[in-house]
Amino acid sequence: MLKEPVKEAPQVRWLIRISEVFAGMEEDIFRGLDAAFIKRLGRGYSLIRIGDPARLHASAAAKFVRWNLPVHHSWPCCPRDIPGFIEKAAQALWRKFGGDHPQTVLCGPLDPDRSNRYYKTLAANLRGRTLQLFPPECGAIRDVGAQDSRVPTLFCLVGKEGLFCGLQSPAAANGFHPGGTKYIRQSAPGTISRAGAKIAEALHQLQLDRSPPPAGSHWLELGASPGGMTAELLARGYRVTAVDRAAPAKMLDNAQGLQFVLVDAATYLPRKGTVYDAILSDMSGDALASMTRVIRLSEYLRVGGLVVFTLKLPGVATYAGVNDVEAAVVATAAAAGLRVLARTHLTYNRYEFTVFFEREASN
Ligand SMILES: C[S@@+](CC[C@H](N)C(=O)[O-])C[C@H]1O[C@@H](n2cnc3c(N)ncnc32)[C@H](O)[C@@H]1O
């Protein structure tokens, strides 16, 4: 989906990030983007040339691109070996981008592995020094979620291969953070399952396109057990009707705002007059079968209501196979009045995608 016009000249190189889970499909992905691979950088990043940057948003291959950035400035070097690297890099950024008035400057490491602290610290220090040179408004954005998703940010990625920077809005880059990763602690006390991090990240990502439903909204959650996502939704002040064939974690016994229904989603029938604000589906099994269950229940979703759908890929091993499943799910949803808002591979997605839909007004 094209989120906004992409005006960069075709000769600009692009930094794209493909999640490691799809590493085996990279050649197909580059072909699908009509892109020429130049070289690998950091972990999961590739430098490419692409004839039509719109393909990063509007092609079947686009969903495999976790995050993207036009490289408007690069300094290929080994930063560890350059005396005064931060000062020289910050001055160059100010000279080159000071007149472009980015909303803020964000720097991150090309290798996000948490054991590799050097470049994470270097990125943080580079941001700190660069912001001293840019107008104070740039530094006023402390939380990345406070960015306007449609206004260009100066994103900078740094690693042992050098510094790669570009101006791009978070919506066009497909994430608020440099590289797209939002770190979410998964082992906090009270964490029921890893899926909790997935919905937390999904709701953060959603803000690129629209606001999440306000607190108090009513969610129908399909495939809820053991309840990691349920707990996240409840913690945000939502009411949740959670459906699963399997029982929830004990921790959710008597949770306020929760109604858990132990039933197959294929047969669940909401009470007459029920209106949901959002549907979340994390059901295991065939994605098209899951979408069919969502569609049956979308009759109870208000117009403009949100669907957060985990598109799982059991038994689908090829690039073409993944595209076929996604196309079938999206077409079936569209025929039922569910329009795709965004689709992405989140940090906390495994071999699956997260697709956001909105219920359209029926004719
Ligand atoms: C990956 S788990 C969900 C994890 C959960 N979202 C969490 O946050 O902990 C998938 C769940 O889908 C449920 N499921 C699959 N098909 C279902 C169906 N037709 N009706 C109800 N639940 C279903 C399974 O029982 C399983 O609990």
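Residues take their numbers from the sequence shown, with the count starting at 1. What's counted below: heavy atoms across the whole structure, side chains too, no hydrogens, waters or symmetry copies. Quantities reported herein were computed from a predicted structural model and do not represent experimental measurements. Whatever order the structure lists them in is the order used to number ligands and atoms, beginning at 1.
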With a 4.0 Å cut-off, would you call Lys120 and Asp111 a salt bridge?
no
Which label fits Trp219 and Tyr238: parallel for a plane angle under 30°, tilted from 30 to 60°, or perpendicular past 60°?
tilted
For Asp209 and Phe356, run side chain to side chain contact (heavy atoms under 4.5 Å, CB included): C-alpha distance rounded to whole Å, both residues' side-chain angles, the deciding distance at 0.1 Å, then the answer.
CA-CA 10 Å; Asp209 297 290; Phe356 300 98; 5.6 Å; no
Lys39/Glu161 salt bridge by N-O under 4.0 Å criterion:
no
Ring centroids only, cut at 6.0 angstrom: are Phe309 and Phe353 within range, meaning strictly under it?
no
As a test of reading the model: which residues have a non-hydrogen atom less than 4.0 Å away from ligand 1?
Ser193, Ala195, Gly223, Ala224, Ser225, Pro226, Gly227, Gly228, Met229, Asp244, Arg245, Val263, Asp264, Ala265, Asp282, Met283, Ser284, Arg293, Lys312
Sort and list the pairs that fulfil side-chain hydrogen bond (donor to acceptor under 3.5 Å, both in side chains) and have at least one residue in residues 313-324, not counting sequence neighbours.
Lys63-Asn323
